[in-house]
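Some notes on the structure that comes next.
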Protein chains: 6
Amino acid sequence: MTDDKKYRFLFIQPFELPKGGKHVDRYHSAELTKEQRLRMEYLNIRHLLDDVEWDFHGGPTAPYGDWAVETREEFAYVAAARLPIVREACASGKYNAIILLGGGEPGFMESREIGRQFKIPVTSCAFSQMHIASMLGNKFSIIDFTEVHNMFYYDLVVRHRFTERCGSIRNINFYHARPGFEDDNTIDLERDKALRGERSEAVERAVIEAVAAIEEDGAEVITLGCSDVFWLQSFLEKRLRQMGWEVPVLEGYSSAIVLAKMFVNLGVDASGLMFPSDRPKQWRRKKVF
Amino acid sequence: MTDDKKYRFLFIQPFELPKGGKHVDRYHSAELTKEQRLRMEYLNIRHLLDDVEWDFHGGPTAPYGDWAVETREEFAYVAAARLPIVREACASGKYNAIILLGGGEPGFMESREIGRQFKIPVTSCAFSQMHIASMLGNKFSIIDFTEVHNMFYYDLVVRHRFTERCGSIRNINFYHARPGFEDDNTIDLERDKALRGERSEAVERAVIEAVAAIEEDGAEVITLGCSDVFWLQSFLEKRLRQMGWEVPVLEGYSSAIVLAKMFVNLGVDASGLMFPSDRPKQWRRKKVF
Amino acid sequence: MTDDKKYRFLFIQPFELPKGGKHVDRYHSAELTKEQRLRMEYLNIRHLLDDVEWDFHGGPTAPYGDWAVETREEFAYVAAARLPIVREACASGKYNAIILLGGGEPGFMESREIGRQFKIPVTSCAFSQMHIASMLGNKFSIIDFTEVHNMFYYDLVVRHRFTERCGSIRNINFYHARPGFEDDNTIDLERDKALRGERSEAVERAVIEAVAAIEEDGAEVITLGCSDVFWLQSFLEKRLRQMGWEVPVLEGYSSAIVLAKMFVNLGVDASGLMFPSDRPKQWRRKKVF
Amino acid sequence: MTDDKKYRFLFIQPFELPKGGKHVDRYHSAELTKEQRLRMEYLNIRHLLDDVEWDFHGGPTAPYGDWAVETREEFAYVAAARLPIVREACASGKYNAIILLGGGEPGFMESREIGRQFKIPVTSCAFSQMHIASMLGNKFSIIDFTEVHNMFYYDLVVRHRFTERCGSIRNINFYHARPGFEDDNTIDLERDKALRGERSEAVERAVIEAVAAIEEDGAEVITLGCSDVFWLQSFLEKRLRQMGWEVPVLEGYSSAIVLAKMFVNLGVDASGLMFPSDRPKQWRRKKVF
Amino acid sequence: MTDDKKYRFLFIQPFELPKGGKHVDRYHSAELTKEQRLRMEYLNIRHLLDDVEWDFHGGPTAPYGDWAVETREEFAYVAAARLPIVREACASGKYNAIILLGGGEPGFMESREIGRQFKIPVTSCAFSQMHIASMLGNKFSIIDFTEVHNMFYYDLVVRHRFTERCGSIRNINFYHARPGFEDDNTIDLERDKALRGERSEAVERAVIEAVAAIEEDGAEVITLGCSDVFWLQSFLEKRLRQMGWEVPVLEGYSSAIVLAKMFVNLGVDASGLMFPSDRPKQWRRKKVF
Amino acid sequence: MTDDKKYRFLFIQPFELPKGGKHVDRYHSAELTKEQRLRMEYLNIRHLLDDVEWDFHGGPTAPYGDWAVETREEFAYVAAARLPIVREACASGKYNAIILLGGGEPGFMESREIGRQFKIPVTSCAFSQMHIASMLGNKFSIIDFTEVHNMFYYDLVVRHRFTERCGSIRNINFYHARPGFEDDNTIDLERDKALRGERSEAVERAVIEAVAAIEEDGAEVITLGCSDVFWLQSFLEKRLRQMGWEVPVLEGYSSAIVLAKMFVNLGVDASGLMFPSDRPKQWRRKKVF
């Protein structure tokens, strides 16, 4: 990686599944180019990387098995497994921002703490979408899938202090393939159908839930939860526009990229008071909420 | 203005004072270059404009008199007077973002409404600082001056829904020159002293208030209120760092610029539901908070 | 105006439309008596003015065109244009309270600041309704029309700190006549139908939305948004009562009048800390939320 | 009581102490005129009653003993004992509003429920002050005395939903005379000293706490807790004004009177949804917060 | 009562109705054993009392008439009437916790104040359910009946600071028998039908409302309002489980018992700052929210 | 472990340090009896375990090094490392509750998710203290040490939704021994001094901060953050009582034990909606906050 571009980013996936695994989607395995793995095939982010030198790290091999992360337990495993990658990247001096991929942002707070020590900002997909959404409208709603991920994401909304700005999390109820449930109609199949121009039930449900969020929950912006529904962004925004709803639809990759650029531009990463080092020079007698 | 840069911004001041006026500071009059008027002499923003084609508009001549805006009444006058400039700029097709200068952001919400009709984002100094600050720390405090401006700003915190994230507004109690109060030790004199490398009481007070905000009010980030204290940013951040406080200090110009870039990058301006047109295609039966 | 009555009020409209304008309703033009212009033809307020000496000011001529204010931009123009009238009225010594007409209360905060300097309370229609509603029930909902006005009003709820007490804003979706949209079925026609004893779709929709607000949004009191739906008050309250809903329905004129009287009785206008003068005797180092 | 005045009010004390009791202050016993008992000797309310026909009821004899109510237990006893008086007054047809005296407003919610059945508004001292204070400033603080009353009052702030608007309750730490504690320097002695023009430690402490509330807690309005410190209103407001603090100081009697008038003027008492009858015509499947 | 068990509890009903009264249900009269009166016939609490020495007090005879408490007024009467029983029980030295029966917990705060003086914890049915529910899920909803009780309960949610955790109060709209309304289909009849294994409309409605609370209001736990619907607990939980909803359903008796044990185990009752004595050793200058 | 006791608990430490490590305190290594390791030498919990069959698991060996966990990064490692122990314990069928030791409760939410699948409640030290504290007083404050742990704990307050009930986190500013900082005066030395009856600076600072929390931050209950300050409980409570402050001081072990018992008694663990399984029978279209 050379130094002649302003931005030098490392993208890190939350986990990677071994090639040929039973439940692996091609975007979770290591067989594609870095552009493909960044899902440029369907995410509108290529132009955002024109002025960026970037590397792609597939993340740790999922330590719990060969399927996509879904439960809190699985999230905790990949969070811990991703941190050494973050630390090494920060220490390498090669990057001026780290972008954590994955909708549930496992290890995000810890990565910001690590980044702070190197003055390197770290952005992630939930954090970025929520902050940007709250600039664009009074309230936002999240379109997501799988009940267990919804409730994991629920805690991210609480953690980032957006309970008053988040109208709802709306579940379109697809699943990841998973041992014991192989026959499920998975979200990946829906994505592929949509990309081929076929009717996708996932798109239909997303439209229904987005409109319900707008009409019932006060949503003025739509965001997307799990990274495996980020592909819905262009389909959903288009459909809503056709219906006359002038509603921004965000997805996590572009949001995390533009936020990382913003941090780099401004020369900030995080407050040393929010993420203190183990022996900070100054300490506060009290913290308030 | 050519089209070969990615960003085409117009900066608009809230008001301009006629040259030679009794209470006019050089940055409020039209005698300087646009770089000077953007306060590049002391704000660390030059590098942020490298990839920006930009124009500078001095804003409307203050309709109420030849002194800087301070009261709510005066803010209302300049807010209304600035809107035709915003509308004309949007309609010109020359810009892909408008940046409103001035700490109190008069006419900001109205300008976003106008911008929405042209799909042009509008950013401003209070909004931008508050949103960025809430990404960097749990709470932020605002350093500002003049009691009346503090309370005007108070309403901006409420408007942008940051009452839970704002620890306090801290007043360093200087004033703008103003009829009947000409002898006041004004904030402009303090700025000039500091820029000349002399001791400035404004800096000293800002340090005291920032530390109090950190130690007592939970502030983890410091922002600046009126644009006439934005010059404090570098002085204050340096002093805090010397004391061991690792606290980001934001100011409005750089914050508004990087946020405008982020909006342009992402291709968003605002939700059409938050800023509907006069006859939107879709409407909602209910809005909730 | 003589001094022998306890209350000496000036009513100020937000704007006046020139007689004969294409989009002017008779209540927005200057052709009626002051009693008519105060809409005593249908608002139940005559008895509230028995002990009041009062004048009526039509407000500034709408500076943007010959139609009723609707957008934020238009509101900003009339806000600024109304302030000199408020200032002159306060300075005249003739009044002990100012009542700002118009649902969206353009210039209200600024007018309170002006009033404060003369120790004269200023009341307005949104502020008054919200405060009174919160005394009568746990939550209130607002019946309003036009999407753009709804969202303008949304900000008033935020500004006056009632987001937790406001169940919803409910839109009955009529419009003001407006250039380019002359054939719209306007709210004024609905009012006239209802006053003639004919069926009005606006009344029907208001009943539907009020019941929805009660049953779904927790509303225990109904308030009305734009002053052009204040006429709904008696119709709506009666219909709800007939259905068995014991729900107070407020409108802005009577609410603003009784609140103004209360302020005069108590000898208060506003805190000098909320609305400081430009050089207050005392100032506070910090403000908190 | 004749019908020729607009307002027909009954004032009801929370309790009355038998004449000659060991701990009785003259305002808690029945030996004075109704004007004296309404504390017109020192409260600035005479002019508020010019257009009011009014009666005064001393309230129930304190059922727990011959000292002033202080504990929650004692408050519960007088609350229950006051309700039959309220019911009888409402049923008599003589009054168009009931005003409950006493700072802690025992039985207020229940009395509003009773009043609702007769369409008679009931106001009280804490409720009225809090609502009016929130119209005058962003935040208010309460000056009160005795620790146990402070915490009783704390619950009133929660009940009336003012936790975000109440900066603090400030204790000046005097006591009521009480068995076993007869020698205490009581608040009544302080009142008498102040009324005689002597220095009163209670006034001094109130000034200190009010200034602390202003400077530290964000108070922009001061209210008074127990009715036995309402006399502080004029002393405190004057002292603050002399210091340059333009801060309204409210007390409960005048606040409850002007609010009662406002309710009568507007023809409202309370929402039937907040205070339903035992078999309301309509009911709601759900209530939300 | 002997001392050889760890827990020595007194249960106190809010009121007792005289035998043979027109509107009395057998659980409100004194004709049953203490086990029956504690509703062990249908509540799953027997095992909770294995290690408890316990007495049962029927509470005060309803002072207002021979029907169950429903209005705020009636609640105030029984609250006051129950306090002497609480005080006597605490003073007797026989108990190490007091459990107040009745869903609306009349006199609870006052009883905690009394208990504090003896270092004896007091628990009650609404308080206990709300606290436990907030440990089990993000939000809870309350199933209750009668409109007037719903709104009384609404205030308990506010008082105990659970407005953000309570999704809704859902009304299944049955009534207590009551003079003038004897023919009502009362909740007691529903209970008896259900206990006999017959179809109960109350159960059906409770299922409908619980599912609505889950699907619409965010409820993740169900609690029960009035003690006369506590019998629904087992029926409702079973039905929800059969439908696939893994939702805890709480009722007040078991919740209050386990919380009382927890307090005894931990050796705590309440903070002396929340419930100060009439002359506490220490006092605070300020209280904040 | 036999089945003849009602409660069968497993205590699991967050991490264990290898014997003889440079920075290991005896309570973090495996050289003591299980009673000692549960810190019965100084925590008042022995009586709480009389009716409990219990095992003690030292937790995973700290994967990052031989010092106590402090940073977010270190917490993430031990969180992940503890989960297999939790899962195995649940699957073993030996326990009816799991108690996670350690103040920062790494892996708590994930462990509750695991426990839910086995219907086994999991309690932890921060969660338990916060919930109990909010039953005892209006607000609580946390005494903790080390800046970095304070901010980690801050997030736990947010996660468990106690920002409105938590007055402050107060830092007494000691440290754990740690590579590069071996000479620090550590908290363990303070504990040992106090247990030997010597003056401990940690106790003195804790008293100062607790009183400040009471007097300034509204704390009515004190809780303790990191488990390495739980020993302060008895010292602090005694000192406060001597000063006249009747304030409960909680610590995590006893709180987590009594809460675990309460869950077992009531037969609940957590809502299946808050912690859904990977393929729940029912799912919700929307989640709200």
Side-chain angles (χ1 to χ4, degrees), chain A residues 63 70-73 75-81 83 87 107 109-114 141 146-148 150-151 153-155 157-159 161-164 166-171 173 175 178 180-181 184 209 212-213 216-217 273-280 282-289, chain F residues 63 70-73 75-81 83 87 107 109-114 141 146-148 150-151 153-155 157-159 161-164 166-171 173 175 178 180-181 184 209 212-213 216-217 273-280 282-289:
Chain A
E70 237 176 359
T71 64
R72 289 170 192 270
E73 188 184 4
F75 267 107
Y77 291 135
V78 300
L83 298 184
R87 177 167 280 284
M109 298 296 270
E110 296 83 358
S111 297
R112 290 193 81 189
E113 183 192 66
I114 294 170
S141 279
T146 100
E147 196 70 6
V148 66
N150 276 215
M151 294 317 296
Y153 211 93
Y154 193 99
D155 284 0
V157 177
V158 172
R159 173 196 288 174
R161 317 284 288 274
F162 282 102
T163 52
E164 292 189 25
C166 181
S168 55
I169 301 175
R170 289 273 179 175
N171 187 0
N173 204 37
Y175 290 100
R178 198 175 172 81
F181 303 94
D184 270 330
E209 295 309 322
E216 297 168 30
D217 311 336
L273 298 179
M274 188 176 184
F275 297 100
S277 64
D278 53 8
R279 291 290 187 283
Q282 286 274 10
W283 58 278
R284 294 177 285 170
R285 274 182 65 195
K286 73 169 171 181
K287 284 90 191 174
V288 294
F289 293 87
Chain F
E70 239 176 358
T71 65
R72 287 170 194 270
E73 188 183 5
F75 267 107
Y77 291 135
V78 300
L83 298 184
R87 176 167 283 283
M109 298 296 271
E110 297 82 358
S111 297
R112 290 194 81 188
E113 182 192 69
I114 294 170
S141 279
T146 100
E147 196 69 5
V148 66
N150 277 215
M151 293 317 296
Y153 211 93
Y154 193 99
D155 283 0
V157 177
V158 173
R159 172 196 288 174
R161 316 286 287 273
F162 283 102
T163 52
E164 290 190 26
C166 181
S168 56
I169 301 176
R170 289 273 179 175
N171 186 0
N173 203 37
Y175 290 99
R178 200 174 171 82
F181 304 93
D184 271 329
E209 294 308 321
E216 297 168 29
D217 311 335
L273 298 179
M274 188 177 183
F275 297 100
S277 63
D278 52 8
R279 290 291 188 283
Q282 287 273 10
W283 58 279
R284 294 177 286 169
R285 276 182 65 196
K286 74 168 170 180
K287 285 90 191 172
V288 294
F289 292 87

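Numbers restart at 1 for each chain; the letters A, B, ... are given by sequence-line order, proteins then strands.
For chain A, the nearby parts of F:Leu83 are the backbone and the side chain; heavy atoms of each come within less than 4.5 Å. Neither the backbone nor the side chain of F:Arg112 comes within contact range of chain A; no heavy atoms are under 4.5 Å apart. For F:Thr146, no part sits under 4.5 Å from any heavy atom of chain A, backbone or side chain. Both the backbone and the side chain of F:Asp278 come within contact range of chain A, judged by heavy atoms closer than 4.5 Å. For F:Ala213, no part lies near chain A; criterion is any non-hydrogen pair under 4.5 Å. Only the side chain of F:Glu70 has a heavy atom closer than 4.5 Å to any heavy atom of chain A.
In plain terms, the two heavy atoms of F:Ala80 and A:Tyr77 that are nearest each other are O-CE2, 3.3 Å. Between F:Tyr175 and A:Pro280 the shortest heavy-atom distance is OH-CD, 4.2 Å.
With respect to chain F, the highest number of heavy-atom pairs below 4.5 Å among A:Arg285, A:Gln282, A:Glu209 belongs to A:Arg285. Residue with the most contacts toward chain F among A:Arg284, A:Arg161, A:Met274: A:Arg284 (heavy-atom pairs, distance under 4.5 Å). Among F:Met151, F:Arg87, F:Glu110, F:Glu113, the residue with the largest count of heavy-atom pairs under 4.5 Å with chain A is F:Glu113. Comparing F:Glu216, F:Met109, F:Arg159 by how many heavy-atom pairs each has under 4.5 Å with chain A, the most go to F:Met109. With chain A as the partner, the residue from F:Ile169, F:Leu273, F:Val148 showing the most heavy-atom pairs under 4.5 Å is F:Ile169.
Note: A:Ser277 OG to F:Glu147 CD = 9.0 Å, rounded to the nearest 0.5 Å.
Counting heavy atoms from C-beta on, the side chains of F:Asn171 and A:Lys287 come closer than 4.5 Å.
Between the A:Tyr154 side chain and the F:Val288 main chain, a donor and an acceptor come within less than 3.5 Å of each other.
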